[in-house]
Amino acid sequence: NRFSIISVKIIKLTFNSRFFLAKTCRKVPLLAKIVDKLLFEGDDIQVLPRDTVIKTRTSTEKIEINTEFEVPEDTLLPSEVLKEMIRKSRYHFIMNSCICRVSNDCKNYPHEPGCLFLGRGSKRISTKLGRAVTKEEAFEYVDKCQEAGLVNIIGRNKIDSVWLNTGPKEELLSICSCCPCCCLWKMTPKLPDNLGRSISPMVGVKMRYNEDFCSGCGKCADICFIEAITVLDGKIEINLESCRCCSRCAEICPKGAITFEIADDAVKRSIERVKPLVDVELE
């Protein structure tokens, strides 16, 4: 697929100009409409918190830092959303490398592997960019990404069907594994609100912040990929409306001041949200 190979080269060359494009879209409504039509129309993407936040107690009781908690056997972890869609899908394709981390020459996280794609559209991805895999290999991919400290996002992302030339957006389900430093969606705060809303938190997940525990170190602000956390006069301010609940802040907080509540039916509701986006079982 020559088109996708050329697209990869263009993306690598222009990757860091995405912030300029996002800002320009805010200033020029007509450009925003064109970009929306070409790259974002019909998008619905969920950010899944890392499985490790399940170990974080969400009560008001003070906890000992670095204490591990047993996860009940019947608890469904956020990654189960990915695994359920993998189980249902007939087709699975893993990219050789993450185009974002390669383009940004990431020094903190591994460049391999890249995104996982499900659905009939994945059959059209150039084999020069990756390979078709079994369900078992796709499950291993999810576990490796968790171990590497990456955050998964899942959904219909039109831009992937465009640059990979896979056909209708309804035939490609994207599962990305993102680091905080190179993620494409770092441009979210610069995008017009209607475009930025195409990426949202996992259904049934809420952040909790306990100011009494906070030391104001600012580590959470440094790692927030959408600038939802700021430090002002030694105090942490969190924009809960902007937060996408990736949970990195909870993992890095040395005092346990930030936690995440995950509803009992969060995984089930998230799967139900993903299912209509792409028919991954379609022959």
Side-chain angles (χ1 to χ4, degrees), residues 45-72 75-83 98 100-101 104 106-111 113 141-154 175-186 188-189 199-231 235-240 242-263 266-267 270:
I45 305 164
Q46 290 186 77
V47 179
L48 305 184
R50 287 179 38 73
D51 286 352
T52 52
V53 300
I54 293 297
K55 297 178 181 178
T56 302
R57 188 175 291 170
T58 56
S59 69
T60 55
E61 250 179 74
K62 190 166 183 178
I63 62 173
E64 292 296 322
I65 306 308
N66 296 325
T67 298
E68 298 238 341
F69 299 98
E70 291 296 326
V71 181
T75 298
L76 292 178
L77 301 174
S79 62
E80 184 61 27
V81 177
L82 311 177
K83 292 181 178 180
C98 171
C100 296
R101 290 194 287 280
N104 210 39
C106 186
K107 305 296 186 185
N108 302 316
Y109 295 85
H111 291 190
Y141 164 89
V142 173
D143 293 335
K144 286 180 180 178
C145 290
Q146 288 283 331
E147 292 169 6
L150 302 172
V151 167
N152 293 119
I153 65 173
I154 181 173
I175 297 176
C176 295
S177 298
C178 306
C179 68
C181 40
C182 309
C183 181
L184 170 71
W185 294 103
K186 279 177 68 72
T188 300
I199 180 168
S200 57
M202 178 180 175
V203 177
V205 174
K206 290 183 180 180
M207 174 199 272
R208 299 297 185 199
Y209 169 59
N210 191 322
E211 186 177 356
D212 293 338
F213 297 171
C214 182
S215 65
C217 68
K219 288 183 177 181
C220 55
D222 293 338
I223 206 167
C224 182
F225 79 114
I226 55 160
E227 302 173 10
I229 306 176
T230 55
V231 183
K235 297 286 186 179
I236 298 297
E237 294 188 0
I238 302 174
N239 185 336
L240 293 176
S242 297
C243 175
R244 298 307 197 273
C245 295
C246 71
S247 78
R248 293 189 183 100
C249 54
E251 283 195 312
I252 202 171
C253 179
K255 299 295 183 180
I258 300 176
T259 56
F260 284 82
E261 289 183 359
I262 300 180
V267 169
S270 295

Peer 1: Going by heavy atoms in the side chains, are Ile236 and Val231 under 4.5 Å from each other?
Peer 2: yes
Peer 1: With the side chain counted from C-beta on, respond yes when Ile223 and Glu251 share a heavy-atom pair under 4.5 Å apart, and no when they do not.
Peer 2: no
Peer 1: Give me the atom names and distance for the closest heavy-atom approach of Cys182 to Cys106.
Peer 2: SG-CB, 3.4 Å
Peer 1: Under the side-chain hydrogen bond (donor to acceptor under 3.5 Å, both in side chains) rule, what pairs show up with a residue in residues 143-152, not counting sequence neighbours?
Peer 2: Lys83-Asp143, Asn152-Ser177
Peer 1: Tell me which pairs pass salt bridge (charged side-chain N to carboxylate O under 4.0 Å, His left out) where either residue lies in residues 222-231, with sequence neighbours left out.
Peer 2: Lys190-Glu227
Peer 1: Would you say the side chain of Phe225 lies within less than 4.5 Å of the side chain of Val151, judging by non-hydrogen atoms?
Peer 2: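 In short, these two side chains do not touch, never coming nearer than 4.5 Å.
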Peer 1: Is Cys249 close to Phe260 at the side-chain level, that is, under 4.5 Å between some pair of heavy atoms?
Peer 2: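 Of all side-chain heavy-atom pairs linking Cys249 with Phe260, at least one is under 4.5 Å.
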Peer 1: Looking only at heavy atoms, what is the nearest atom pair of Gly256 and Phe213, with distance?
Peer 2: O-CD1, 3.5 Å
Peer 1: Mind listing the closest non-hydrogen atom pair of Lys186 and Cys181 along with its distance?
Peer 2: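 Looking at all heavy atoms of both residues, the shortest contact is CD-O, 3.4 Å.
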Peer 1: Could you measure the distance from the CE atom of Met207 to the CZ atom of Arg244? Nearest 0.5 Å is fine.
Peer 2: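 If we round to the nearest 0.5 Å, Met207:CE and Arg244:CZ are 12.0 Å apart.
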Peer 1: So, does Asn210 use its side chain to make a donor-acceptor pair with the main chain of Asp212 at under 3.5 Å?
Peer 2: yes
Peer 1: Working to the nearest 0.5 angstrom, can you tell me the gap between His111 NE2 and Cys179 SG?
Peer 2: 8.5 Å
Peer 1: Measure the spacing between CG of Leu77 and CG of Leu82 and express it to the nearest 0.5 Å.
Peer 2: 11.0 Å
Peer 1: Apply the test side chain to side chain contact (heavy atoms under 4.5 Å, CB included) to residues Leu240 and Lys206: give CA-CA distance (whole Å), side-chain angles for both, the deciding distance (0.1 Å), then the verdict.
Peer 2: CA-CA 9 Å; Leu240 293 176; Lys206 290 183 180 180; over 6 Å; no
Peer 1: Does Cys100 reach the side chain of Cys178, with side-chain heavy atoms less than 4.5 Å apart?
Peer 2: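 No, every pair of side-chain atoms sits at 4.5 Å or beyond.
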Peer 1: How many angstroms lie between OG1 in Thr230 and CD in Glu237, if you round to the nearest 0.5 Å?
Peer 2: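 The CD atom of Glu237 is 4.5 Å from OG1 of Thr230, to the nearest 0.5 Å.
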Peer 1: Enter the distance from Ile154:CD1 to Ser270:OG here, rounded to the nearest 0.5 Å.
Peer 2: 9.0 Å
Peer 1: Please round to the nearest 0.5 Å and tell me the distance separating atom CD1 of Ile238 and atom SG of Cys220.
Peer 2: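 Here the rounded value is 6.0 Å.
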Peer 1: For Arg208 and Glu261, indicate whether the former's side chain and the latter's backbone hold a donor-acceptor pair under 3.5 Å.
Peer 2: no
Peer 1: Considering residues at least two apart in sequence or located in another chain, which fulfil the side chain to side chain contact (heavy atoms under 4.5 Å, CB included) criterion with Ser215?
Peer 2: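 With neighbours one apart ignored, the set is Cys217, Lys255.
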Peer 1: Does any non-hydrogen side-chain atom of Val47 lie less than 4.5 Å from one of Trp185?
Peer 2: no
Peer 1: Give the minimum heavy-atom separation between Arg50 and Cys145, together with the two atoms involved.
Peer 2: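 Distance-wise, the nearest heavy atoms are NH1-O, 4.1 Å.
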Peer 1: If I compare all heavy atoms of Pro110 with all of Ala148, which pair ends up nearest, and what's the gap?
Peer 2: CG-CB, 4.1 Å
Peer 1: Can you see whether Tyr109 has Arg101 sitting over its ring - NZ or CZ less than 6.0 Å from the centre and within 45° of the normal?
Peer 2: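 No.
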Peer 1: Can you give me the closest heavy-atom contact between Asp51 and Pro78, atom names plus distance?
Peer 2: OD1-CD, 3.2 Å
